[in-house]
Amino acid sequence: MAKYKTVNPATGETVREFTTLDDAGVESALSRAHNGYLDWRTTAAEERARILGRTADLYAEREDELARMIALEMGKPVREAKGEVKLSSAIYRYYADNGPALLEAERLDVPGADESVVYRRPIGALVGVMPWNYPYYQVARFAAPNLMLGNTVLLKHAPNCPQSALLMEEIFRQAGLPEDAYINVFATNEQIADMIADPRVQGVSLTGSERAGTSVAETAGRNLKKVVLELGGSDVFVVLDTDDMDATVKTATRARLSNAGQACNSPKRFIVTEPNYDEFVSKLAESFKATPTGDPLDAKTVLGPLSSQSAADSLIEQIEDAVAKGATLLAGGKKIDGPGSYVEPTLLVDVTPEMRAYSEELFGPVGVVYKVATADEAVELANSSSYGLSGSVWSTDLDGAREVADRLDVGMAFVNEHGTTLPGLPFGGVKRSGVGRELGPWGMDEFVNKKLVRVS
Ligand code: NDP
């Protein structure tokens, strides 16, 4: 049975299958990526930037085709998919525009060190392991800064996005990137472990589950390879007070249900102070119930299917576990009958620590609302999670909200907004949400040799 295949999650139909690499294919990819690095690192930074700029143009020019491909492969509604293509294009543009300056040598003003300079140099071929939830954006975050640096990329995408993966490789070729600087590999996990262990590979970046992150990091650790991990989240949306409950609920709905809830930094836990709780919960339940699902290829659809039947089944198990142990369902709770992996927008309250929904990531259109008496209690509940990706605080008192945001154990905290992602802002988490940062200058500072040259 083919591992890499396009299965339309709106219908369950298998559209296309692909063959996995054989051993000779793995060896060829490794040797191409290594030899490609020896050339690519000598290419002028301005030329690397020019190619990334052309890549950004091509994402814009081919937006429609790119958007329809992920709608077909992982079920993101086309209108949202176009947003992902635009963001990916903006990331390539950011590194094209800023890359050469970010690579400039740093002269150190240290007493006793006459001519001491730190150069930012590439380190070699890297393995990227990427998930299906944002097929283009996740790759852009990793590939753009590293190609700008002069590293080369072996990219293993999720098995349900093979055609999107091939499209990205094609666009790099069309932009003029040398063939060996970015190589798509349809590989097994064992082959990926072999690649990470191979001396021609210098690091690995993975976005995905904790399970995948742990496994890849173990292999990397055994072989002394650098890792960047962007794993899950159980992000909070803390409502301290609001002067516009309708607007707050609208944002909460959009943030939770976009991409059918399959985003690492989507707010999965809503923590609301007592005076606001009843109104927030009843309005959010109404809003969830009023969000219809539809065919992702239909331009009007807001909420599509989950990426696969198994994703829908796992989510339903988490909901059923909570309900069996006493949680209350205020909206949804079931799979939608018929073809496709659709799950109703679901809202749970009365969730307690013995339920899976309390501690696990809910990777789908499911929100949990908790009531707290004070901001301190909100912070304590927020920080009780093993995850630490992002969180938002909502209040009319900006100073108070800033202070609460600062106390959240997360990599990204927001006040009166949730989850804004821009190419120039850092992205990443703490605790079990991962290690390292992507995007901005930080994203170019991971797989880099900060090389000192001192002349006396
Ligand atoms: P996975 O983490 O299994 O998949 C993400 C990527 O990692 C895929 O390319 C996958 O490939 C790869 N992968 C998994 N295990 C290994 C391994 N041992 N060695 C090399 N590559 C590996 O996610 P799932 O699709 O199974 O989703 C499960 C859960 O993961 C979700 O419910 C969600 O909680 C979380 N997740 C988080 C994401 C995020 O954005 N942070 C994105 C996607 C998922 P393969 O399938 O071939 O194993």
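Just so you know, residue 1 is the first one in the sequence shown, and it goes up from there. In each ligand, atom 1 is the first atom listed, and ligand 1 is the first ligand listed. As a basis for the values below, the full set of heavy atoms in this structure was taken, side chains included, without hydrogen atoms, waters or symmetry mates.
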Checking a contact table here: which protein heavy atom is nearest atom 22 (C) of ligand 1, and how many Å away?
Asn189 OD1, 3.5 Å

Please evaluate residues Arg141 and Ile91 with respect to the criterion side-chain contact (heavy atoms from CB on, under 4.5 Å), reporting the C-alpha separation (whole Å), side-chain torsions for both, the decisive distance (0.1 Å), and the verdict.
CA-CA 7 Å; Arg141 287 197 312 201; Ile91 291 170; 4.2 Å; yes

Arg269 charged N/C atom sitting above Phe237 aromatic ring, 6.0 Å / 45°:
no

Report, in ascending order of atom number, the atoms of ligand 1 lying under 4.0 Å from any heavy atom of Glu230.
41 (N)

Look at ligand 1 and say whether Glu360 reaches it with a heavy atom at a distance under 4.0 Å.
no

For Val216, counting its heavy atoms only, list the atoms of ligand 1 lying under 4.0 Å from any of them.
19 (N), 20 (C)

Regarding Asp295 and Thr301, is there a side-chain donor-to-acceptor distance under 3.5 Å anywhere?
no

Tyr92 vs Phe172, test: ring-ring contact (aromatic ring centres under 6.0 Å, His included). Steps then yes/no.
CA-CA 11 Å; Tyr92 290 110; Phe172 278 131; 5.7 Å; yes

Judged by non-hydrogen atoms, does Glu210 sit under 4.0 Å from ligand 1?
no

State whether the shortest distance between N or O atoms of Ser209 and N or O atoms of ligand 1 falls below 3.5 angstrom.
yes

Going by the closest heavy atom to atom 40 (O) of ligand 1, which one wins out of Val127, Asn133, Leu231, Asn265?
Asn133

Proximal ligand 1 atoms for Glu361, defined as those under 4.0 Å from one of its heavy atoms:
33 (C), 34 (O), 35 (C)

Near Pro131, which atoms of ligand 1 are under 4.0 Å from a heavy atom of that residue?
5 (C), 42 (C), 43 (C)

Shortest protein heavy-atom distance from atom 11 (O) of ligand 1, along with the residue and atom involved:
Lys156 NZ, 2.9 Å

Before you tell me yes or no, could you show the steps for Glu360 and Arg356 under salt bridge (Lys or Arg N to Asp or Glu O under 4.0 Å), namely the whole-Å CA-CA distance, both residues' side-chain angles and the distance that decides it to 0.1 Å?
CA-CA 6 Å; Glu360 292 180 10; Arg356 291 176 56 194; 2.9 Å; yes

Heavy-atom protein neighbour under 4.0 angstrom from atom 4 (O) of ligand 1
no

May I ask you to identify, for Trp132, whether its side chain, its backbone, both or neither come under 4.0 Å of ligand 1 on a heavy-atom basis?
side chain

A quick test of your reading: do over 12 heavy atoms of other residues, nucleotides or ligands sit less than 6.0 Å from NZ of Lys289?
yes

Apply the test side-chain contact (heavy atoms from CB on, under 4.5 Å) to residues Trp40 and Asp180: give CA-CA distance (whole Å), side-chain angles for both, the deciding distance (0.1 Å), then the verdict.
CA-CA 9 Å; Trp40 182 237; Asp180 296 343; over 6 Å; no

Are any of the N/O atoms on Ile192, whether in the backbone or the side chain, positioned under 3.5 angstrom from an N/O atom of ligand 1?
no

Under 3.5 Å, is there a donor on one side chain and an acceptor on the other for Asn265 and Ser390?
no

Short list, please: which atoms of ligand 1 are under 4.0 Å from a heavy atom of Ser215?
17 (C), 18 (N)

Is the closest heavy atom of Gln262 to ligand 1 under 4.0 Å?
no

Among Lys5, His157, Met69, which residue meets the side-chain contact (heavy atoms from CB on, under 4.5 Å) test with Gln163?
Met69

Could you list the atoms of ligand 1 found under 4.0 angstrom from a heavy atom of Gln138?
40 (O)

Where on Ala212 is there a heavy atom closer than 4.0 Å to ligand 1, on the side chain, on the backbone, on both, or on neither?
both

Taking the six-membered ring of Phe447 (Phe, Tyr or Trp), confirm whether the NZ or CZ of Lys225 is under 6.0 Å from its centre and within 45° of its axis.
no

Atom CZ of Arg93 with >12 non-hydrogen neighbours under 6.0 angstrom:
yes

Which atoms from ligand 1 have a heavy atom of Val129 less than 4.0 Å away?
6 (C), 7 (O), 9 (O), 12 (C), 21 (N)

Check this for me - ligand 1, Met130, N or O atoms closer than 3.5 angstrom, yes or no?
yes

